[in-house]
Structure formats: structure tokens, C-alpha cells
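Notes for the one structure printed next.
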Amino acid sequence: MSTDDKNRAVAAAILPLVGGAGNITSVAHCMTRLRLGLRDRSLVQDEELKALPAVMGVVEDDTYQIVLGPGTVARVTPEFEALVAEAPAAPAATPSADDFAAQGAAIRAARKARNQTPFKLFLRRIANVFVPLIPALIGCGIIAGLNGLLINLGWLPAVTPALAAIASGFMALIAVFVGFNTAKEFGGTPILGGAVAAIVVFPGVAKVDAFGQTLSPGQGGVLGALGAAVLAVYVEKWCRRWVPESLDVLVTPTLTVLVSGLVTIFGLMFVAGEVSNAIGEFADWLLVHAGAGAGFVLGGLFLPLVMLGLHQALIPIHTTLIEQQGHTVLLPVLAMAGAGQVGAAMAVYLRLPRNGSIRRTIKSALPAGFLGVGEPLIYGVSLPLGRPFVTACVGGAFGGGFVGLFSMLGTKVGSTAIGPSGWALFPLLDGDKGLGRTIAVYAGGLLTGYLAGFVATYFWGFGARLLEEFDVDTDTGPETVVAASAGTTPPPGPAPEPGPEPKPAKL
């Protein structure tokens with residue numbers, strides 16, 4: 001089977017299990033997950049979906065998210081979209097009062113379960129602005145690292161200027177892309193958001209004085225572009241309400257760009273510039289003066305932040321640091337959370353020698369875990385078991401503390417892009433003491449995270465009851481819950497004896 005046929009087969013297997021094409025309202029993807037908007041959540045066959053070999057797990061948030069892994073999700077999503085588009089429209093049925101009542105109850109229950117607070121929804125929207133930029137950040141970051149290596153070695157001097165241009169072009173105009181995505185996300189015209197954000201990087205602003213100082217191109221960076229585009233959306237919506245329809249095509253875009261542009265030049269660029277500088281100075285101060293402690297806290301809390309969706313607040317901070325300093329010093333620290341998760345999974349593997357289901361899940365998920373894709377291990381192993389999730393956080397804390405300690409000692413470790421972690425972050429590393437020392441510190445942090453996560457989980461990750469319930473030599477016991485969460489299917493075996501439902505794991 002060709003790669004295209006395989007990806008289409010995966011999409012075709014998923015579609016009926018999420019209620020068919022008629023149940024899909026939106027299709028998108030991030031680095032690892034296929035994100036679906038659903039009309040009726042009750043039509044999803046969760047267990048059958050998790051049992052598909054290509055599915056590593058599912059996450060329910062503002063969208064229904066199917067974890068497929070990096071690379072795979074980018075190839076399956078277009079096939080899935082094509083299948084949805086090709087599906088014939090279902091004949092409209094006349095809903096009954098019971099149908100409306102059931103649908104309303106399902107919607108209310110789903111919303112309550114997701115606990116969508118305004119703050120979380122706002123963070124999600126901000127993340128939606130920056131996540132589409134990650135592939136370009138990764139590609140340009142790797143090219144920048146390769147170019148730096150060639151310059152240091154003195155190789156291919158005729159090629160390095162071209163590579164520098166390729167690596168820097170996107171970052172020079174990132175504000176425009178942020179403005180475009182912001183307007184799109186907040187309900188405005190994307191090109192108007194991009195037009196206003198372009199003011200931030202236009203060289204001509206160097207001729208403008210604001211707040212007693214001359215502006216500089218790029219002042220305010222992505223934060224200024226974000227604010228300018230949000231303002232443009234509100235101005236545009238105001239114009240749509242009040243400008244006569246006959247004049248809308250001329251007046252609305254003109255007023256949107258003019259009003260938002262003036263506020264951007266004579267206010268937002270200065271304010272956002274001060275905020276951006278403060279972020280950079282604080283990040284540097286934090287790791288220089290409190291590096292070990294700060295790294296311990298950040299590395300230990302990152303997995304819970306991911307579970308709560310609060311990690312999205314860090315995306316614009318990372319992007320600001322990359323734009324301002326060429327790398328973000330926070331990401332290598334936070335990446336240690338994944339190292340703790342890997343170490344914890346290896347300890348689980350040894351502590352449950354008779355549980356074939358969990359051990360198969362760990363063996364299949366560890367390669368992705370080493371490369372920084374943590375969902376299979378989180379949702380398939382540590383989170384269902386409970387206490388190993390906590391000990392994985394302990395491993396991340398020690399790994400983060402290791403990297404932070406070396407920042408205090410004068411060796412900063414940064415990443416030129418966001419998105420990857422684990423071993424996949426090595427090509428994107430950057431620092432102030434040479435590439436060799438930067439790599440050594442980051443590798444030391446990973447090893448510390450692996451070791452601490454392993455030790456904490458092996459000795460403190462299991463209570464007697466947890467071992468009694470999960471260290472069993474059958475594929476029909478409580479471990480099937482964990483296997484289903486990870487998207488693995490236990491091998492066929494003898495039919496289980498009728499009996500009581502398995503108890504949930506106790507910590």
C-alpha cells in the first residue's frame with residue numbers, strides 16, 4: 001500500500017467512528033492532533049476509535065482531538081477533509097421535541113465537562129494565532145542553525161549569505177503573519193489585520209516620533225502586531241454596523257486601516273515594545289538569578305499546565321523571545337517535562353512485568369516520547385495510573401532545575417523555534433557559549449529528567465493496591481482501560497469470565 005493510500009485508509013477508518021461526514025463542522029490539525037468540530041458528541045464511538053492502530057489517544061477540549069503524531073496528522077488531515085467533502089449530503093430530517101431536548105442536554109453536559117472559562121477560551125484563541133506559524137519557525141530555525149554551523153566551520157562561504165536570507169525572511173515579516181491570523185481568529189478580514197500589522201515592521205516608521213522617541217522598525221514585535229490586528233477587527237465590526245452598505249466597500253477598509261494604523265503608530269508600538277523588552281529582561285534575570293529554582297518549578301509544572309490548557313499562554317512569550325533574542329531560553333527548560341515522562345514510563349514498564357497491555361503501549365510509545373511527543377505516554381500510561389503522572393512531573397522538575405542551574409553558571413540554552421522537544425530539539429538549540437556546550441547542557445538535563453522520573457516512579461509511583469490491580473498477567477483486567485486510552489488493541493485471547501466491572505485505580 002502506498003503512503004497516500006495508507007493515509008486515506010486511516011482517514012476512512014476514523015470518519016464513521018466520529019459520526020460520519022454529517023457530524024463534522026470543522027477540520028483542523030496542530031503538531032500532533034486532528035481537531036474536529038462535532039455537531040453531536042454522542043455519535044462518537046470512543047472505544048472503537050481509540051482501538052485503531054494509528055490513533056495514539058483522544059483529548060476532548062473545545063474540539064474533539066485525535067492524537068495521530070507529528071507528520072502523520074499533517075498527511076491524514078487533507079485525506080480526511082477530502083472524504084468529508086466527497087460525502088453526499090444527508091436528507092434533512094424533521095427533528096422532534098425529544099431530539100431537541102436530547103441534543104440540548106448533550107451540549108450542556110459537554111460544555112460543563114470541558115469547563116470552558118473565558119480565560120481558557122482566550123488562551124485558546126491566542127494559541128490559534130501562533131500554532132499555524134510553528135512549521136515555518138521550525139524550518140527557518142533549523143536552517144539558521146545549519147548556517148551558523150557552516151559559518152563556524154568556515155565551509156561554503158558563498159552559500160551562507162543565501163541561507164541567512166532564507167532563515168531570516170520569515171522572522172523579518174512574522175508580524176504580518178500574526179496580524180493576518182489574529183484577524184481571522186477574531187472574526188475580521190484577515191488581509192486587513194495583516195495590513196495593519198505590517199506597519200510594525202515597515203522601515204518608514206523610523207521617521208515617526210512617539211512618546212518623545214523615534215520609533216524603530218519591528219518595535220513591539222508580535223505583541224504589537226497582535227494588538228493592532230485585534231483593534232482592526234473591532235474597528236471593522238463597528239464600521240460594518242454603521243457604514244451604509246453602498247459605501248461599505250470603500251469606507252470600511254479605509255477607516256479600519258487608518259484608525260488602527262494611527263493607534264498602532266502613536267500608542268501600541270511603544271507600549272508593546274516596552275512589554276516585549278520587559279519579557280526579555282525578566283526571562284534573562286529569572287534564569288541568571290534564580291535559574292535552578294525557576295527551572296525546577298517550570299519543569300515540574302509544565303505537564304499539569306498542558307493538561308489544563310494553560311501552556312498556551314506561553315506561546316506568544318516564546319515567539320517574542322525568538323523575535324527579540326533569536327531564541328527562547330524557556331523552551332529547553334519546559335522540554336524537561338517530557339524527559340520526566342519518559343523516565344516514569346520506563347519505571348512503569350519494570351514495575352508491571354506481568355501486564356502485557358501496558359508494556360506493549362510503553363514499547364510503542366517510547367520512541368515518540370524520546371522525540372518529544374508525550375501524548376501517548378501521558379494518556380496511555382501515566383495519567384490513567386494516577387501517581388506515575390505526579391512522579392513524571394518530579395522528573396521534569398529535576399531536569400528543568402539542571403538546565404536552570406547552568407543558566408545561573410553562565411551557560412544559557414535556547415531554542416530557535418517552538419514546537420519540538422526531546423531529542424527533536426537538538427537541531428534547534430542555540431546558546432551563548434558555543435554549540436557544543438549548549439548541546440551538552442541540554443543532554444544533561446534530559447538524562448537528569450529521565451533518571452529522576454524513573455527513580456521517583458519506581459520507588460514512589462505505586463501503592464500496594466495499584467500494583468495488586470494492575471500487575472496481572474491477563475489482557476482482560478484493568479489494564480485494558482490503559483490500553484484503550486493509548487489506542488492499542490490487546491491480542492485475542494480466551495473470553496473473560498463474567499464478573500464485576502474492574503475497579504478504578506487507587507493511588
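- Aromatic ring pairs are classed by plane angle as parallel below 30°, tilted from 30° to 60° and perpendicular above 60°; the pair F302 and H311 is perpendicular.
- The list of side chain to side chain donor-acceptor pair (under 3.5 Å) pairs with a residue in residues 333-345, not counting sequence neighbours, reads Q341-S382.
- No donor-acceptor pair closer than 3.5 Å links the side chain of R33 to the backbone N or O of L68.
- When side chains are defined from C-beta on, D284 counts as touching K412, because their heavy atoms get closer than 4.5 Å.
- Under a 3.5 Å cut-off, the side chain of R359 and the backbone N or O of Y349 do form a donor-acceptor pair.
- Here CE of M336 is found 12.0 Å from CG of L298. Values are rounded to the nearest 0.5 Å.
- Looking only at distances, a side-chain donor or acceptor of Y442 sits under 3.5 Å from a matching main-chain atom of G422.
- The OH atom of Y64 sits 9.0 Å away from atom CG of L36, with the distance rounded to the nearest 0.5 Å.
- The six-membered or imidazole ring of F406 lies near that of F402, with a centre-to-centre distance under 6.0 Å.
- S364 contributes a side-chain N or O that, together with a main-chain N or O of T361, makes up a donor-acceptor pair within less than 3.5 Å.
- For the pair K433 (side chain) and G410 (backbone), a donor-acceptor distance under 3.5 Å is present.
- Around atom CZ of F398, no more than 12 heavy atoms belonging to other residues, nucleotides or ligands sit under 6.0 Å away.
- In plain terms, the two heavy atoms of L377 and A345 that are nearest each other are CD2-CB, 3.7 Å.
- A donor-acceptor pair is defined here as one N or O able to donate and one able to accept, closer than 3.5 Å; such a pair exists between the side chain of N23 and the backbone of V18.
- Going from atom CZ of F282 over to atom CG of L287 covers 9.0 Å, rounded to the nearest 0.5 Å.
- Judged by distance alone, with hydrogens and angles left aside, the side-chain atoms of R351 form a donor-acceptor pair with the main-chain N or O of Y458 at under 3.5 Å.
- Atom CG of residue L133 and atom CD1 of residue I418 lie 8.0 Å apart, to the nearest 0.5 angstrom.
- The CG atom of L43 sits 11.5 Å away from the CG atom of L17 when rounded to the nearest 0.5 Å.
- With no hydrogens or angles considered, a side-chain donor-acceptor pair links S42 and D40 at under 3.5 Å.
- Rounding to the nearest 0.5 Å places CG of L352 at 8.5 Å from CZ of F470.
- Listed for the S26 side chain is a donor-acceptor partner under 3.5 Å among the backbone atoms of G37.
- With T328 contributing its side chain and S415 its backbone, the two residues share no donor-acceptor pair below 3.5 Å.
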